[in-house]
Number of protein chains: 2
Amino acid sequence: MLGAAVSVFLSTFENKVDRKGRVSVPSSFRNVLSQQKSTGIILYPSFKHPCLEGSGDERIQEIVSSIDAIDVFSDEAENLQTILADAKQVSVDSDGRVILPHEFVVHAGISDLASFVGLGKSFQIWSPKNFSIHRQKNRLRAREQGATLRIISSSSERT
Amino acid sequence: MLGAAVSVFLSTFENKVDRKGRVSVPSSFRNVLSQQKSTGIILYPSFKHPCLEGSGDERIQEIVSSIDAIDVFSDEAENLQTILADAKQVSVDSDGRVILPHEFVVHAGISDLASFVGLGKSFQIWSPKNFSIHRQKNRLRAREQGATLRIISSSSERT
DNA sequence: GGAGAATATATGGAATTTTATGGTTCTGCA
DNA sequence: TGCAGAACCATAAAATTCCATATATTCTCC
């Protein structure tokens, strides 16, 4: 196995999507998922960007719990339910691949390549082209604003 | 069935309704129901939207308990009792289909297609057309309020 | 240190199983 | 006896499993 397995989604990988919509989940992402004891991956279209949001499927439990915690008929509950209605669970096959549902491929403008972008606790899937535009914009803005990042240190994390 | 699907109703499926009113329950929904050991499905018309609410049949127990817990003569109690009065149990046949009662088809404005919408512990059945309008509205609102995203990220902030 | 063996990853394609869905028959009941 | 609902088949499309291969990458033994 590759270098020390980190327990967060990290880095960017570009993999091929075959004509059945299959694409390999980067090996390091699979390691993170199995550490989370996820049996699959939850995907849903991003509200903000032409990309997909992904995470281990234990995340769904969190959303369902959030819904339970609020009034069933409230707007807020419906907002959360929207995510459930749009989400799909995809299972990782024995070769480490998932099938990207057609609507999702369309939403993200993916054709024959998909970029898996690690965001720590979750990840995104982009068409490489859209992602490079997005990244450029982000970098520019970060530079202009002189973005700073406040690190919250927690002694419980690894050394 | 593989993929140990999460035990919640998830995603949206659009299936055909034949001229006898038969419609396939999405396979993943059937899995959730069988995990719940439901012998059938409880359906009742939503009083908020032109759609049907559905769930495994143990859900009725929860509704009954809720009624018990509140003032017997309150509006709320009456609302809930209305649900009981209007609810019907439908059985899933050996091919995984149910028959939508005619009044329900009318209430939801369903003709030859039905959208099964996963909401976690329950689901809804819509006419695809009405649902797409509803979904659009919800997504817009969710985006404006940012409520959904906030809740999700706060609950996922945990280690 | 390096040749070759053993592993791991990404990817293509075929075989097999599930679903969704249409049609037909059977059955109880009004 | 006619009709609604239930149980039965049949089949096409879709999803899942299985197998094969190319290409790295790591390991091991000399």
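Below, read A as the first sequence line, B as the second, and so on, with proteins coming before strands; counting in each chain starts at 1. All values reported here derive from a predicted model rather than from experimental measurement.
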(request) Determine yes or no for a side-chain-to-main-chain donor-acceptor pair under 3.5 angstrom, with A/Ser38 supplying the side chain and A/Asp57 the backbone. (result) yes
(request) Scan for salt bridge (Lys or Arg N to Asp or Glu O under 4.0 Å) pairs involving residues 127-137 of chain A, sequence neighbours excluded, and state none if there are none. (result) none
(message) Quick check on D/dT17: is either OP1 or OP2 less than 4.0 Å from any side-chain nitrogen or oxygen of A/Ser94?
(response) no
(message) Regarding B/His134 and B/Asn138, do their side chains bring together a donor and an acceptor under 3.5 Å, going by distance alone?
(response) yes
(request) Any salt bridge (Lys or Arg N to Asp or Glu O under 4.0 Å) involving residues 19-35 of chain A? Give me the pairs, sequence neighbours left out, ordered by first then second residue. (result) A/Asp18-A/Arg22
(request) Starting from P on C/dT7, measure out to CG on A/Asn31 and report it in whole angstrom. (result) 18 Å
(request) Check every strand shown and say whether B/Val92 touches a base, only sugar-phosphate, or nothing at a heavy-atom separation below 4.0 Å. (result) nothing
(request) Output all residues satisfying salt bridge (charged side-chain N to carboxylate O under 4.0 Å, His left out) with B/Asp112, sequence neighbours left out; order by chain, then residue number. (result) none
(request) Taking only the side-chain heavy atoms of B/Lys16 (C-beta and beyond), determine which of C/dT19, C/dT21, C/dT11 contains the nearest atom. (result) C/dT21
(message) Rounding to an integer number of Å, can you tell me how far B/Gln89 CD sits from D/dG5 C1'?
(response) 15 Å
Taking only N/O atoms, report every protein-nucleotides 9-15 of chain D pair under 3.5 Å with atom names and distance.
from  : atom 1 : to      : atom 2 : distance (Å)
D/dC9 : N4     : B/Asp95 : OD2    : 2.9

(request) Answer yes or no: side-chain N or O of B/Arg22 and base N or O of D/dG5 forming a donor-acceptor pair under 3.5 Å. (result) no
(request) Starting from P on C/dA10, measure out to CG on A/Leu113 and report it in whole angstrom. (result) 14 Å
(message) Rounding to 10°, can you tell me the angle the first-five-pair axis of the helix from C/dG1-D/dC30 to C/dA30-D/dT1 makes with its last-five-pair axis?
(response) 30°
(message) Any base atoms under 4.0 Å from B/Asp18, or only sugar-phosphate, or nothing? Heavy atoms, all strands.
(response) sugar-phosphate
(request) Say whether, by atom type as modelled, one donor and one acceptor occur between the side chain of B/Thr12 and the main chain of A/Ala85 under 3.5 angstrom. (result) yes
(message) Between C1' on C/dT19 and CZ on B/Phe29, what's the gap in Å once rounded to a whole number?
(response) 15 Å
(request) Indicate, yes or no, whether a donor-acceptor pair under 3.5 Å links the base of C/dG22 to the side chain of B/Arg19. (result) no
(message) Treating A/Ser122 as the side-chain partner and A/Leu119 as the backbone partner, does any N or O pair qualify as donor plus acceptor under 3.5 Å?
(response) no
(message) I'd like to know if the side chain of B/His107 reaches the main chain of B/Ser46, judged simply by a donor and an acceptor atom lying under 3.5 Å from each other, with no hydrogens or angles considered.
(response) yes
(request) Please list all pairs passing the ring pair (Phe, Tyr, Trp, His ring centres under 6.0 Å) test where one or both residues lie in residues 7-40 of chain B, with sequence neighbours left out. (result) B/Phe9-B/Phe29, B/Phe9-B/Phe123, B/Phe13-B/Phe29, B/Phe29-B/Phe123
(message) Rounded to whole Å, please give me the gap between CG in A/Asp93 and C1' in D/dC19.
(response) 12 Å
(message) Measure NZ/A/Lys88 against P/D/dT16 and give the value in whole Å, please.
(response) 11 Å
